[in-house]
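Keep in mind that this is a model prediction, so the values were computed, not measured. Below, each value reflects all heavy atoms present in this structure, side chains not excepted, and no hydrogens, waters or symmetry copies.
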Amino acid sequence: VPPGSTGPLASPTYFWGTYRPHVYFGMKTRSPRAVVTGLMWLQHGGNLRHTSEQNDGVSRYGWLMHDGENFGVQEIRDEGLVLRTEFVKQPGGDHGGDWSWRVTAKMEGKGPAPLLSLFFYVATEGQGTLRPVLENGTRLAAVAGTAEELGDFTLTFLPPTGEGGEGPKYASYNFLAAGVPGLHRLTDLVRQSLRESSMFSPPGRPRRRFFGVSSTGGLPGEPPRGQLLLHQVTLEPPAVLEVTLESGSAAGARHGRLAGPALSAALARHTAAFEQRFEDTFGLGARGVSLPQRRFAQAALSEMLGGIGFFHGRSLLRSEHREEPVPGAESTLFTAVPSRSCFPRGFLWDEGFHLLLLGRWDPALARDILAHWLDLLNADGWIPREQILGDEARARVPPEFVLQHSETANPPTLLLALERLLPDAPLPYLHRLFPRLRTWFKWLNRTQAGPEPFTFRWRGRDTDPERFLNPKTLASGLDDYPRASHPSAQERHVDLRCWMALGARVLAALAERLGEPLAPYRDMAAALSDNDLLDRLHWAPELGTFADFGNHSAAVALRWHRPAPVPGKPPPAPQLRREVREAPRPQFVGALGYVSLFPLLLQLLQADSPRLPALLSSMRNERQLWTPFGLRSLARDSPWYLRRNTEHDPPYWRGSVWVNINFLALRALHGYARAAGPHRERAAELYRELRHNLVANVFRQYEATGFLWEHYRDSDGAGQGCHPFAGWSALVVLAMAEDY
């Protein structure tokens, strides 16, 4: 990323955004120590809502429209309450321009509306000053602020009105000013300041007591690093509330405040423009896709765009050169995230899939995100696979996952995205990328090398084999997918070999475009795509498929085991440990599933390959990988199918249907259906059926639940794992558009 290119002058379009994916609604700038704004709410008698959580009882939420730049519309349904959050940005001045929010609150169904409090806040961390502008001593009418990259700005909280422009709405107001020990403590700070001593007194109606904020010094024992100013509005829905941010330097370009009818007109304009751009990009209307399915596709793309975040901080790293964990370099990252509730941070292999969709909607945005990821490369050429930057990100991660190990790779899916972006990417951009891509690829080639030439092995498999039915391989992205039962240096992993072939192919194309030496990449791509060599190293005749090779026993099971008692201590709890009933030996690993398909998925097999019929047959076989909802991750007749890996580890990549790999399958089948060869018609037939099954199920589950899901149950198609999961599950949009 060129220095200064993310700031308000160089990149005003992307300066402000909904770059806080872990909260239901909030905005910040792409600045390392940004001023943040956000919304909390409380239905009195319920829970305070702020950060999007997996199991907090909010029944549906997500962006219905979001263009990634200037505008978004989100709907949240929470125990009878429907909140609609909308924003519009307006360019002008030197500091990223103005923006306006509209929050509409109403109740579903009849009956008396509970009291609702909406909390609008602005907070700083480490820099910037905020000055409250009070009305009648209790209503925070505005905040006058100054900050590094924002200059002077004014945040105005307009009084609430009735729905549909019906005049003023009665409300009670509370105000909070406090020191903030860190942005990750905002919810706790507000919760601890609530007191049930405020009174809601509408004229001519009964008075009601409610929880109102009362100013505190902050959280005891935690020194403040910034300021919080919060405006609490308590009312009976329905109501409409608006907030405007006006930049001091945009005053000359402003034609009146963007609120009321002017905001309604701007929202209508942006809605029409979004719908037109969506149709121009994906052409679903022209393909005859139904309106409900088009709305679903818009929401899938929008939830990914609305989940883009800007992060700043240091990773915690374990290096092969050091005993103790060390903090990494101070980094910034602009990235989409897999899930706003479960994984609101950057994941390396997920991001390549995200960029396939983002690159179609906004190639410049996708290029910017890719450049940010490559800036995370260290001197050795390693990129940590999970990016946990800053206190807010770290607060959402279980401690055992915070530390990143410097031998652990991740599939280089960024190259999958770059292959799509390459034809239209500006040459200066590609020149900036090339040295880092070359170094990253060299690191992968060196550190993940297998036991013989042109073989590869994922490092960092779980080291305590007795704990696991099959030790996990987190580096591969396919976590608990069965590999050799006894990890060893003799393993060779077929999926990694295919990823390296793809990487060599893309780097050869990039080197050619830039006039750089391409022979090493071209030669490596040719060797790794050599179907005879692939056969010799990874085709298992006894299994009739491609497979990993390693020190392996299929005769393993988890058994309860009672550890020996220790004198003077209570009897230890029984543990589930692995039992090996037959000694391992070097052999191919019989685990038919996604890994077996990689030579097809990444299209390394020639169109006339004699191996294609066996793979196509396994894909279509209902006892193996075929389901009415997409391809399952592991064959139903596998001994590991739907088996737990430990007492606390349910099956993950052992049978569920995953959209990212199904997308690769569709992409490959589409390619083989168009290539001259004896398997063309079979590939076309599978392609049509698989596309229909996948799209229909993901849409059906969205209609039923309101969410895209992390993966889908192979028995009935039900969404499983995290939700919302508008990371790679949003690739369903490209499948609907048949855009591969």
Side-chain angles (χ1 to χ4, degrees), residues 62-63 66 68 278 281-284 287 289 293-294 296-308 335-340 343 347-363 365-366 369-370 411-421 477-478 499 502 594 597-598 601-603 629-633 653 656-671 687 690-702 707-712 717 719-740:
W63 292 98
H66 197 304
F278 189 86
T281 306
F282 301 109
L284 299 187
R287 304 177 69 87
V289 174
Q293 283 204 337
R294 296 205 305 274
F296 151 70
Q298 289 178 358
L301 170 73
S302 298
E303 183 66 6
M304 183 186 280
L305 288 163
I308 290 174
T335 183
V337 304
S339 166
R340 288 167 62 193
F343 305 117
F347 284 79
L348 178 54
W349 96 293
D350 294 66
E351 199 56 27
F353 289 110
H354 301 162
L355 291 177
L356 291 173
L357 179 57
L358 295 177
R360 288 298 292 121
W361 177 254
D362 187 342
L365 175 68
I369 289 173
L370 177 56
T413 55
L414 295 181
L415 295 170
L416 198 63
L418 180 62
E419 193 170 37
R420 286 286 303 264
L421 293 168
L478 307 175
W499 284 121
L502 168 92
Y594 287 167
L597 300 180
F598 260 83
L601 296 176
L602 296 185
Q603 298 172 68
F629 319 108
L631 299 174
R632 57 168 71 88
S633 41
W653 292 84
S656 289
V657 174
W658 293 77
V659 173
N660 62 330
I661 304 296
N662 275 271
F663 176 79
L664 291 180
L666 287 172
R667 181 175 165 269
L669 290 169
H670 190 257
Y687 169 76
L690 179 60
R691 177 174 169 271
H692 172 267
N693 289 354
L694 183 75
V695 170
N697 186 62
V698 175
F699 171 64
R700 187 163 52 242
Q701 298 304 322
Y702 177 83
F707 295 110
L708 288 168
W709 292 77
E710 185 180 9
H711 48 101
Y712 295 84
Q720 290 187 300
C722 290
H723 65 278
F725 197 93
W728 60 42
S729 294
L731 287 173
V732 69
V733 178
L734 292 181
M736 293 168 79
E738 295 192 270
D739 183 350
Y740 304 108

Item checked: For F663, all residues meeting ring pair (Phe, Tyr, Trp, His ring centres under 6.0 Å), sequence neighbours excluded -> Y740
Next item on the list: Identify the heavy atoms of A735 and V695 that sit nearest to each other, and give their distance.
Entry: CB-CG2, 4.2 Å
Note to self: Suppose we screen for side chain to side chain donor-acceptor pair (under 3.5 Å). Which residues come up paired with R632, at least two apart in sequence or across chains?
What the structure shows: D714
Item checked: Any residue meeting salt bridge (Lys or Arg N to Asp or Glu O under 4.0 Å) with E710, in chain and number order, not counting sequence neighbours -> none
Next item on the list: Taking all heavy atoms of P411 and all of G477, pick out the closest pair and write down the distance.
Entry: CD-N, 4.2 Å
Item checked: Closest non-hydrogen atom pair, A665 against L690 -> CB-CD2, 4.0 Å
Item checked: Partners passing side-chain contact (heavy atoms from CB on, under 4.5 Å) against Y594 (at least two apart in sequence or in another chain) -> Y481, L631, S633, W653, W658, I661, N662
Next item on the list: With side-chain contact (heavy atoms from CB on, under 4.5 Å) as the test, would you mind laying out the steps for L365 and L305 before giving the verdict?
Entry: CA-CA 10 Å; L365 175 68; L305 288 163; 3.8 Å; yes
Note to self: Any non-hydrogen side-chain atom of R340 less than 4.5 Å from a side-chain atom of E303?
What the structure shows: yes
Next item on the list: Evaluate the ring planes of W709 and F707, with Trp represented by its six-membered ring, and classify them as parallel (under 30°), tilted (30 to 60°) or perpendicular (over 60°).
Entry: perpendicular
Margin query: On a heavy-atom basis, which atom in Q701 and which in G719 lie closest, and how many Å separate them?
Written below: OE1-N, 3.6 Å
Next item on the list: Can you see which heavy atom on P338 is nearest to which on F343, and at what distance?
Entry: CD-O, 3.3 Å
Margin query: Do F282 and L301 have side chains that approach each other closer than 4.5 Å (heavy atoms only, starting at C-beta)?
Written below: yes
Check: Just how far is it from atom CD1 of I369 to atom CG of D362, taken to the nearest 0.5 Å?
Finding: 8.5 Å
Note to self: Does anything in residues 347-360 form a side chain to side chain donor-acceptor pair (under 3.5 Å)? List the pairs, not counting sequence neighbours.
What the structure shows: T335-E351, E351-H354, R360-D739
Margin query: Just to verify, what does Q293 make a side chain to side chain donor-acceptor pair (under 3.5 Å) with, not counting sequence neighbours?
Written below: none
Notebook entry, point to check: E419: what forms a side-chain contact (heavy atoms from CB on, under 4.5 Å) with it, not counting sequence neighbours?
Noted result: L502, R505, V506, R667
Note to self: In the structure I gave you, are the side-chain heavy atoms of L416 and L664 within less than 4.5 Å of one another anywhere?
What the structure shows: yes
Next item on the list: Locate the shortest heavy-atom distance separating L284 from A297; write the atom from each residue and the value.
Entry: CD1-CB, 3.6 Å
Notebook entry, point to check: Can you name the side chain to side chain donor-acceptor pair (under 3.5 Å) partners of N660, sequence neighbours left out?
Noted result: none
Item checked: Donor-acceptor pair, side chain of H66 and main chain of G68, under 3.5 angstrom -> yes
Next item on the list: Enter the distance from F353:CZ to L414:CG here, rounded to the nearest 0.5 Å.
Entry: 10.5 Å
Note to self: Holding to side chain to side chain donor-acceptor pair (under 3.5 Å), I want the full list of residues that pass it with W728, two or more places apart in sequence or in another chain.
What the structure shows: none
Next item on the list: Just jot down the side-chain contact (heavy atoms from CB on, under 4.5 Å) partners of A730, sequence neighbours excluded, or say none.
Entry: A300, M304, L357, L708
Item checked: Contacts of Y702 that satisfy side-chain contact (heavy atoms from CB on, under 4.5 Å) - sequence neighbours left out -> L64, F296, A299
